[in-house]
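For ligands, and for the atoms within them, numbers begin at 1 and follow the listed sequence. Fair warning: this is a prediction, and the values are worked out from it, not measured in the lab.
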Amino acid sequence: MTTYWKVTAGNPDPAIIAEAAVVLQQGGVVAFPTETVYGLGADARQTEAVQQIFTAKGRPSDNPLIVHIANRSQLEELTLPPDEAVSRLLDAFWPGPLTVVLPARPGVLSPLVTAGLSTVGLRMPDHPVALQLIAAAGCPVAAPSANRSGRPSPTHAEHVLEDLTGRIDAIVDGGSTGVGLESTVVEYAAAGPEEAGGRGVLHILRPGGITAAQLREALPGVEVRESSAHAEPAAAPRSPGMKYTHYAPRGVMTLVQGDAPERVLARIQRELDAARARGERTGALTFREHADALRADRVVACGSLGDLESVAQGLYAALREFDEAGISFILAETCPEEGIGAAIMNRLRKAAGDRVIEA
Ligand code: TXA
Ligand code: MG
């Protein structure tokens, strides 16, 4: 049985938060909204509780979980005093969609959380429900996205219910999430003596809600490196989660990219028509500006090209729409990789299993 609670995102009922916190304290798993996507939380110190996250999601156990805190004072329990550059990052972006990978204090977290690594990804979410729940539970909360593994991440409580009803103890419904894509995951390396200029390097392990430009602005004097997911050796990725096909709709999706929008749209239409003639149920993932230009069994306009934040917000719900409509063949437009566009394109490539057509 999954208990369902509805709360007001900005001002959740303290009685409900208290009940949900007790479920966490007693080793249960609770889905809750954050500003990025819904998380599936458990007390990060209780191995049996964390095991339930992996079981409910069907998640591979070599993929570590992000640990959520509500208060900077919780850092001390979980990691060593952070480097000065890291402190500046936390000052600038917490609470917010930034996960920082730090050395884990041995013996505190369940080994399932770190998947055997000596580091832990920590984040303070910027959402009243998440913050109040974590504070009330009084423990660090391990929480991956609250979807079945391989499905698009949940940005509405309905997505969580679709995937996990009956598989988790409870869900706190706080309406739709804000950013729509997961947090940016970073790891800081202090400059080694061999490194020219003596600059520290901040590696972006997963692009997300905080952009590379924002990180550079907050850390002048630090080199911010955007690691390409493609360049990473599959055997030893820095961020283990990046090697799995994530976020995928059930239909086969292909991206179509090119400099001239008319050519891209014409190519998409040709491929859609051919697929339909083969008996596929066709879908097109596009933007508000181009929605009228395409014909398919399902055309989904995901936000506006003029406002990439709106694309990020709507992306996962859009991917789920194709599943609901039983779409077997999907073509998707791409967007510029600027700002949040880098994270959007990262997720789109994964959803498409790296299938890209140049138009
Ligand atoms: O926005 C988010 O971050 C959401 C919400 C719920 O907070 N959470 C989320 O968690 O996306 P999850 O578990 O689905 O993603 C964890 C990502 C994976 O790519 C994983 O490989 C990486 O963070 N990660 C976690 N711990 C790590 C570590 N110690 N070193 C490197 N990467 C780590
Ligand atoms: Mg996830």
Side-chain angles (χ1 to χ4, degrees), residues 29-42 44 50 53-54 56-70 78-79 93-105 109-127 129-131 133-134 140-155 159-160 163-164 171-172 174 177-189 203-210 227 229 232 236-248 312 316 319 343 346-347 350-351:
V29 292
V30 179
F32 60 93
T34 79
E35 82 282 32
T36 58
V37 300
Y38 272 77
L40 182 59
V50 176
I53 292 180
F54 285 92
K57 281 181 62 85
R59 179 172 171 121
S61 61
D62 64 342
N63 194 0
L65 305 178
I66 291 173
V67 174
H68 297 66
I69 60 177
L78 302 171
T79 180
F93 299 111
W94 276 12
L98 182 75
T99 295
V100 184
V101 173
L102 293 166
R105 247 189 222 285
L109 295 168
S110 161
L112 282 181
V113 168
T114 52
L117 299 173
S118 61
T119 54
V120 57
L122 293 173
R123 131 168 163 85
M124 189 189 295
D126 187 15
H127 194 293
V129 174
L131 289 172
L133 176 60
I134 298 162
V141 175
S145 48
N147 52 290
R148 289 278 287 172
S149 208
R151 291 269 283 153
S153 295
T155 51
H159 299 163
V160 180
D163 280 15
L164 297 175
I171 170 168
V172 184
T177 60
V179 179
L181 298 179
E182 297 85 347
S183 61
T184 303
V185 181
V186 298
E187 185 169 18
Y188 179 73
H203 295 273
I204 299 180
L205 305 184
R206 177 178 74 179
I210 301 290
S227 66
E232 251 163 53
R238 294 184 72 101
S239 184
M242 299 305 279
K243 75 177 181 232
Y244 297 102
T245 314
H246 261 121
Y247 326 112
Y316 288 137
L319 295 177
N346 171 272
R347 305 307 192 273
K350 283 179 185 298

Student: Under 4.0 Å from ligand 1, counting heavy atoms only, is it the side chain of Glu35, its backbone, both or neither?
Tutor: neither
Student: Check whether Asn147 reaches the backbone of Pro154 with its side chain - one donor and one acceptor, N or O, closer than 3.5 Å.
Tutor: no
Student: Would you mind telling me if ligand 1 is within reach of the side chain of Asn63, the backbone, both or neither, using heavy atoms under 4.0 Å?
Tutor: side chain
Student: If hydrogens are left out, which of Ala146, Pro144, Ala130 has an atom nearest to atom 12 (P) of ligand 1, that is, the closest non-hydrogen atom?
Tutor: Pro144
Student: Please identify which atoms of ligand 1 are closer than 4.0 Å to at least one heavy atom of Ser145.
Tutor: 9 (C), 10 (O), 14 (O)
Student: Check this for me - ligand 1, Arg123, N or O atoms closer than 3.5 angstrom, yes or no?
Tutor: yes
Student: Indicate yes or no for a side-chain donor-acceptor contact from Tyr38 to the backbone of Thr177 under 3.5 Å, with no hydrogens or angles considered.
Tutor: no
Student: Would you tell me whether Ser153 and Glu182 have side-chain atoms, one donor and one acceptor, within less than 3.5 Å of each other?
Tutor: yes
Student: Kindly give the heavy-atom pair with the smallest separation between Ser61 and Phe54, and that separation in Å.
Tutor: CA-CE2, 3.8 Å
Student: What do we get for Thr36 next to ligand 1 when only non-hydrogen atoms under 4.0 Å count, side chain, backbone, both or neither?
Tutor: side chain
Student: Is a side-chain donor-acceptor pair under 3.5 Å present for Thr34 with Arg123?
Tutor: yes
Student: Leu117 heavy atoms, cut-off 4.0 Å: which ligand 1 atoms fall inside?
Tutor: 28 (C), 29 (N), 30 (N)
Student: Are any side-chain N or O atoms of Arg148 and backbone N or O atoms of Arg59, one a donor and one an acceptor, separated by less than 3.5 Å?
Tutor: no
Student: Which residues pass the side-chain hydrogen bond (donor to acceptor under 3.5 Å, both in side chains) test with Thr114, sequence neighbours left out?
Tutor: none
Student: Between the side chains of Thr99 and Ser183, does any donor sit under 3.5 Å from an acceptor?
Tutor: yes
Student: Specify side chain, backbone, both or neither for His68, according to which of its non-hydrogen atoms lie closer than 4.0 Å to ligand 1.
Tutor: side chain
Student: Below the 3.5 angstrom mark, is there an N/O of Thr99, backbone or side chain, next to an N/O of ligand 1?
Tutor: no
Student: Taking side-chain hydrogen bond (donor to acceptor under 3.5 Å, both in side chains) as the test, write out the residues that go with Thr184, two or more places apart.
Tutor: none
Student: Taking the non-hydrogen atoms of Glu187, is any one of them nearer than 4.0 angstrom to ligand 1?
Tutor: no
Student: Given that the side chain starts at C-beta and the backbone is N, CA, C, O, which of these parts of Ala143 lies under 4.0 Å from ligand 1, counting heavy atoms, or is it both or neither?
Tutor: backbone
Student: So if I count the atoms of ligand 1 from 1 in the order they appear, which ones are less than 4.0 Å from some heavy atom of Thr119?
Tutor: 28 (C), 29 (N), 30 (N)
Student: Check ligand 1 against Gly39 and write out every atom of the ligand that is under 4.0 Å from a heavy-atom position of the residue.
Tutor: 6 (C)
Student: Taking only non-hydrogen atoms of Val101, do any sit less than 4.0 angstrom from ligand 1?
Tutor: yes
Student: Pro103 and Thr79: which non-hydrogen atoms are nearest, and at how many Å?
Tutor: O-OG1, 2.7 Å
Student: Would you say Ser145 has an N, O or S atom lying under 2.8 Å from the Mg ion (ligand 2)?
Tutor: yes
Student: Between ligand 1 and Tyr38, is the shortest N or O to N or O distance under 3.5 Å?
Tutor: no
